[in-house]
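Before any comments, here is the structure.
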Amino acid sequence: MSGTAPQPGPPLWLLLELTYRCPLHCAFCYNPLDFARAGRELDTEDWLRVLREARALGAVQLGLSGGEPLAREDLETIVAYARQLGFYTNLITSGVGLTEPRIAALKAAGLDHIQLSFQDSTRQMNDFLSSTRTFDLKSKVAALIKKYEFPMVLNVVLHRLNIGHVEAILGMAERLGAEYVELANTQYYGWAWHNREQLMPSRAQVERAEAATREFRQRMGARMQIFFVVPDYFERRPKACMRGLGSMFLTVTPDGTALPCHAARMLPGFEFPNVRSSSVAQLWIESEAFNRFRGDAWMKEPCRSCAEKTKDFGGCRCQAYLLTGDAANADPVCDLSPYHSLVTDAVARAERGGAEAKPLVFRNVENSASLSR
Amino acid sequence: MASGIDAQSRPLLERRFRLQWEAAQQAHVLLYPEGMIKLNSSAGEILKRCDGAATIAEITADLETRFATSGLYADVVSFLAMALSKQWIAVTP
């Protein structure tokens, strides 16, 4: 632990992954490959206690995610309590299970906003990429979100197989009446890491998608906010991931494990605290796992002496670990990293497009069990 | 006027924003889908008076009384013009 780190600020963002159960099987999911081995889900009372304790520390933005949070029958109870505590409540959903009685109950509970995922603009591609038949259902859910006057964020994860459809995806968002659209290029963790060779777009694909987004943005003006989350493998400086681990972001997984980012579970050499045995204040302020990457005492070169370390915090610890084997290295997206060629080599392989013959591995319980054996 | 607002405009916080006081940050914040804007104290004091009923003239008078000062109108209008351009608020004439 870095003894010089100051008292941390509040965990402004709290993400509750209420369950790993999910009706979708997306090949780009960031959930851990071995989710099927996770322990028992927290009870309602545990979740309410986490909300109360995190709010007391200053948490204010709440994401309710998973898996599919609607798989929890107590979702309405959790939303109502969170809203009463003063959280801004965001439901992050595939839409599966969002029936009219449930959306009415969530409205009554005070839910602030719904983020609905689509996998592509057509039934065929949406259903292929999620390995389900959900396109028509999602379209109906989008209409319900409008009917109940929720602000709607449409989220589409982009990758090699759908990034060419950005115009059609934005057209669909316009027809559905979305106020916000997130075109989130795949970040390579969990299942997406496993399928990276199949998902990585070419640079030309990325540039065409950015141009199409710019054009659409100009045409829509203020009616729709479009966020284009850049694919960091194509950059020369890393993303300011979580604004540094342990600075403002707290994830609690279905079994109560507390993480400084939603992908951190796979980092080796950590004992992540659990909300069953630790209060939110204890684990946020005192635990070794949350303190290890606070401040900059943990940094190695080239980050340690770099002027940009206060801007990007060395990038993503999970990406540093996945690519270089050491979470304390610079994120190799940075072209100052001695490992930067690992990123450019992956991009070069995507340019050649050699991996398309290999099938995608979809996120489901059977694949999880066999991959974590 | 160019900004589309004047002393008789009645500003109202846009539906997709929620304004609240955050003790941990000692500030008013604007909350919106997956985002938060931390406001300085004068921005917070102005926005919490944007209820769609009070005119900008009335908001200004209220602030001048509350903070025992005068001559705030230009600052209030200039802040609200910015808030309108960012679509934090809507106005009715």
Side-chain angles (χ1 to χ4, degrees), chain A residues 7-15 53-65 82-92 110-116 145-146 148-155 177-182 184 221-225 227 229 243 248-249 280-281 284, chain B residues 1-6 9-53 56 76-93:
Chain A
Q7 175 88 355
L12 296 174
W13 284 82
L14 176 64
L15 177 70
E53 293 176 354
R55 182 69 184 134
L57 282 181
V60 60
Q61 276 284 353
L62 174 68
L64 298 166
S65 177
R83 184 65 184 76
Q84 186 194 323
L85 290 170
F87 278 103
Y88 189 92
T89 51
N90 306 275
L91 176 64
I92 299 161
L111 181 68
D112 289 292
H113 145 244
I114 299 178
Q115 183 200 104
L116 177 65
I145 292 172
K146 296 304 287 183
Y148 282 82
E149 299 188 328
F150 285 105
M152 174 166 49
V153 174
L154 212 71
N155 174 284
E179 284 99 345
Y180 302 82
V181 181
E182 282 178 10
R223 275 188 297 151
M224 188 194 281
Q225 303 244 31
F227 303 98
V229 180
R243 304 207 48 78
M248 58 185 293
F249 195 88
V280 175
W284 178 256
Chain B
M1 58 193 275
S3 61
I5 56 174
D6 59 32
S9 303
R10 297 171 199 275
L12 175 67
L13 196 66
E14 278 279 6
R15 184 176 61 90
R16 68 171 187 275
F17 289 103
R18 197 164 92 213
L19 175 72
Q20 72 186 32
W21 173 256
E22 282 298 300
Q25 302 178 61
Q26 283 297 299
H28 280 97
V29 297
L30 274 184
L31 297 165
Y32 58 99
E34 296 169 61
M36 173 167 62
I37 298 160
K38 186 174 173 179
L39 300 167
N40 66 27
S41 58
S42 48
E45 290 297 331
I46 298 170
L47 281 181
K48 81 181 193 195
R49 289 167 169 79
C50 293
D51 59 3
I56 294 179
V76 173
V77 168
S78 132
F79 170 75
L80 287 174
M82 185 278 292
L84 183 65
S85 74
K86 288 183 180 292
Q87 299 190 317
W88 296 353
I89 57 164
V91 291
T92 50

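Numbered from 1 within each chain, the chains take letters A, B, ... in sequence-line order. Note that the coordinates shown come from a computational prediction; the quantities given were computed from them, not determined experimentally.
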Does A/F150 offer a backbone N or O that forms a donor-acceptor pair with the side chain of B/R15 under 3.5 Å?
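Flag not set: sc B/R15 to bb A/F150 has no pair under 3.5 Å.
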Would you check if the side chain of A/N90 reaches a backbone N or O of B/P33 as a donor-acceptor pair within less than 3.5 Å?
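A pair under 3.5 Å: no.
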Distance-minimising heavy-atom pair for A/G58 and B/A24
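Residues A/G58 and B/A24, closest heavy atoms: CA-CB, 3.5 Å.
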Which one, A/E149, A/R83, A/M152, leads in non-hydrogen pairs under 4.5 Å with chain B?
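With the most close heavy-atom pairs to chain B, the winner is A/R83.
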Given the options A/P10, A/P151, A/G86, A/A59, which has more heavy-atom pairs under 4.5 Å with chain B than any of the others?
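So the answer, after comparing A/P10, A/P151, A/G86, A/A59, is A/G86.
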Under 4.5 Å from any heavy atom of chain B, what part of [X] do you find: side chain, backbone, both or neither?
X: A/Y180; value: side chain
X: A/E182; value: side chain
X: A/F227; value: neither
X: A/I114; value: neither

So B/L31 and A/V60, do their side chains get closer than 4.5 Å, heavy atoms only?
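Yes, at least one pair of side-chain atoms sits under 4.5 Å.
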Between B/E22 and A/R55 (salt bridge meaning N to carboxylate O under 4.0 Å), is one present in this structure?
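Yes, charged N to carboxylate O under 4.0 Å.
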Say you draw a straight line from OH of B/Y32 to CD of A/E179; how long is it, rounded to the nearest 0.5 Å?
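The OH atom of B/Y32 sits 14.5 Å away from the CD atom of A/E179.
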Looking at B/E34, B/R16, B/R18, which hits side chain to side chain contact (heavy atoms under 4.5 Å, CB included) with A/H113?
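Result: among B/E34, B/R16, B/R18, B/E34 is the only option passing the side chain to side chain contact (heavy atoms under 4.5 Å, CB included) with A/H113.
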